[in-house]
Amino acid sequence: YSCAILMIIFYIQMMESRISIDPLTGLNNRGQLRKYTAQENSIFREGKRTYIMMIDVNDFKGINDTYGHAMGDKALKFISDSLKQAAGSVNAPVFIARYGGDEFIFIAHSDNEEVPEKLVRNIHKKLNEVTEKAKLPFTMSVAIGYDELRRENDSFRECLERADQKCYINKDEMKKSR
């Protein structure tokens, strides 16, 4: 009986992982993001501010069209690794999820209002390092927008929309500066 119970527990854990993790990037998936944001104690931390960050890969379609979808998948893996490293470089809890396609979301909790800007810098730095180390035939870059989730009269969805708008502003600024 104990072997059967252990096998069932192992199977449930394996299924839970498959349900909540994006298989390509190893990051939380959109379903796990929904679960995380639905829990008040996850989205708001005592004594901490909550920042929602939208990250969108620049010219991802060009990578797929020029180098193929296998290289596009590799690029997404490199990006997700860079995001994990950047999250680990700040002294704050960060939830990372693949939102869909080439979009990612960070939810950072910190009492230090400099954390979002530090994350932005570290994401760009890590992406540059990965691109150089892997000797990729293209440059990977991301547009990033973020906003603070306020405790009163605000929702995750509204904050995400503000972060997304800022992400597109950042994307346009990056295009103009080329």
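What you see is a predicted model; the values in this text were computed from it and never measured.
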According to a hydrophobic-cluster definition based on side-chain heavy atoms being under 4.5 Å apart (Ile, Leu, Val, Met, Phe, Trp, Tyr only), do Val115 and Leu149 belong together?
no
Which atom of Asp154 lies closest to which atom of Cys159, heavy atoms considered:
OD1-N, 4.0 Å
Audit row: Phe95, Phe106, ring pair (Phe, Tyr, Trp, His ring centres under 6.0 Å) steps and yes/no
CA-CA 6 Å; Phe95 177 90; Phe106 269 35; 9.7 Å; no
Of all heavy-atom pairs between Asn122 and Ser89, which one has the smallest distance, and what is that distance?
ND2-OG, 2.6 Å
Are Ile169 and Ile52 linked, directly or through intermediate hydrophobic residues, by side-chain heavy-atom contacts shorter than 4.5 Å (ILVMFWY only)?
no
Straight-line distance of Tyr168 OH to Glu173 CD, nearest 0.5 Å:
15.0 Å
For the side chain of Ser80 and the backbone of Lys77, is there at least one donor-acceptor N/O pair under 3.5 Å apart?
yes
Here the pair of heavy atoms bringing Ala87 nearest to Val90 is O-CG2, 3.3 Å
Under a single-linkage definition using a 4.5 Å side-chain heavy-atom cutoff for Ile, Leu, Val, Met, Phe, Trp and Tyr, are Met71 and Leu76 assigned to the same hydrophobic cluster?
yes
Give, for atom CG of Asp111 and atom CD of Glu46, the distance between the pair rounded to the nearest 0.5 Å.
12.0 Å
Does Thr37 reach the side chain of Leu160, with side-chain heavy atoms less than 4.5 Å apart?
no
In terms of relative ring orientation, are Tyr146 and Tyr51 parallel, tilted or perpendicular, with 30° and 60° separating the classes?
perpendicular
Measuring from Ser110:OG to Lys118:NZ, what's the distance to the nearest 0.5 Å?
9.5 Å
Taking every non-hydrogen atom, the tightest pair across Thr25 and Lys84
O-NZ, 3.5 Å
Tell me, please, which residues at least two apart from Lys126 pass side chain to side chain donor-acceptor pair (under 3.5 Å).
none
Output for pair (Ile144 CD1, Leu83 CG), nearest 0.5 Å, gives 8.0 Å
Using the test side chain to side chain donor-acceptor pair (under 3.5 Å), find all partners of Arg34 that sit at least two apart in sequence or belong to another chain.
none
Tell me the closest heavy-atom pair linking Lys171 and Asn58, and the distance in Å.
NZ-OD1, 2.7 Å
Glu113, CD atom: more than 12 neighbouring heavy atoms under 6.0 Å
no
For Arg98, run the side chain to side chain donor-acceptor pair (under 3.5 Å) check against Asp22, Asn29, Asn28 and tell me which one passes.
Asp22
Identify whether the distance between the nearest side-chain nitrogen and carboxylate oxygen of Lys166 and Asp147 falls below 4.0 Å.
yes
Test item: Thr50 side-chain N/O and Ile43 main-chain N/O as donor-acceptor pair under 3.5 Å:
yes
Hphob cluster co-occupancy, Ile105 + Leu119, side-chain heavy atoms under 4.5 angstrom
no
Counting distance only, does the side-chain N/O of Arg151 pair as donor-acceptor with the main-chain N or O of Arg49 below 3.5 Å?
no
Ionic contact status for Lys175 with Asp59, cut-off 4.0 Å
no
Hydrophobic clusters here meaning ILVMFWY residues chained together by side-chain heavy-atom distances under 4.5 Å, can you tell me if Met53 and Phe60 are in one?
yes
Using 0.5 Å steps for rounding, measure from the CZ atom of Arg30 to the CG atom of Leu33.
8.0 Å
Considering all heavy atoms of both residues, which atom of Ala143 and which atom of Asn170 are nearest to each other, and what is their separation?
CA-OD1, 3.2 Å
Taking the side chain as C-beta and beyond, is there a heavy-atom pair between Asp56 and Val142 under 4.5 Å?
no
Out of curiosity, Phe104 CZ to Ser82 OG, how far, rounded to the nearest 0.5 Å?
10.0 Å
